[in-house]
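Okay, so here's the structure we're looking at.
Heavy atoms only: backbone and side chains are in, while hydrogens, waters and symmetry mates are out.
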Amino acid sequence: MRRARMTVAGAVAGAVLSLLGTGAAFAGTGPAPTTQERSAGTEGTEAGNPASAVATAAGVCSDAYQIGETAYIYRGTEKIASVKQFYSPDCDENYGYTWVWKSFLDKNINFNLTTGVWSYDRDSLVGKRLVLNTHSQEFWSNAAETVDECTSGYGQIAIIDEPSNEVRTEKRC
């Protein structure tokens, strides 16, 4: 029920913004979530928990929150991972986040995963983190000092003898 309320609130906020118009926004800006909307504990989540054990090990600032829409990595027609971009106001940094879906992990296929923040200004991947021959679920990029640039979250899954599957989230400037 709580998730449904947040979805409705997000839809209402989006409708209000589209009626009012928008001003300039950089990749690292957007409304911060309320304390209730933040994930608690150290478990990883599909939504992205900057306090998870994996995020903490990657050096993600605990106040980071998602900016922009979620994108999805597909293997053929199968949706296998979510990709997001996060922003930390306290650290003034962006992060890429990739969450591999359990339905794919259950197939016991090892893969190489790359995540980061795509900078359109630099035409390159910033904060890149590459994990080889893995079967993990949660991946955070290194910090990317890109908040004043046009960016997207980036995720790629590469499986041996298959084409790479990659995606970028929406471009944020």
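By the salt bridge (Lys or Arg N to Asp or Glu O under 4.0 Å) test, E78 is found to be paired with K107, residues two or more places apart in sequence or in another chain being considered. Remark: E166 pairs with Y154, Q156 by the side chain to side chain contact (heavy atoms under 4.5 Å, CB included) rule, at least two apart or across chains. For N133, the side chain to side chain donor-acceptor pair (under 3.5 Å) criterion is met by N110, not counting sequence neighbours. By the salt bridge (Lys or Arg N to Asp or Glu O under 4.0 Å) test, R75 pairs with E162, sequence neighbours left out. Taking the side chain to side chain donor-acceptor pair (under 3.5 Å) definition, one finds that T115 meets it with T98, sequence neighbours left out. With sequence neighbours left out, Y97 forms a ring pair (Phe, Tyr, Trp, His ring centres under 6.0 Å) with F86, W140. Residues meeting the side chain to side chain contact (heavy atoms under 4.5 Å, CB included) test with L132, sequence neighbours left out: N112, L130. Residues meeting the side chain to side chain contact (heavy atoms under 4.5 Å, CB included) test with V167, sequence neighbours left out: A71, I73, V83.
Listed by first then second residue, pairs satisfying disulfide bond (SG atoms under 2.5 Å apart) with a partner in residues 99-142 number zero, not counting sequence neighbours. Residue pairs meeting the salt bridge (Lys or Arg N to Asp or Glu O under 4.0 Å) criterion with at least one member in residues 79-101, sequence neighbours excluded, are E46-K84. Legend: salt bridge (Lys or Arg N to Asp or Glu O under 4.0 Å) pairs involving residues 111-137, not counting sequence neighbours, sorted by first then second residue: R122-E149. Legend: disulfide bond (SG atoms under 2.5 Å apart) pairs involving residues 57-106, not counting sequence neighbours, sorted by first then second residue: C61-C91.
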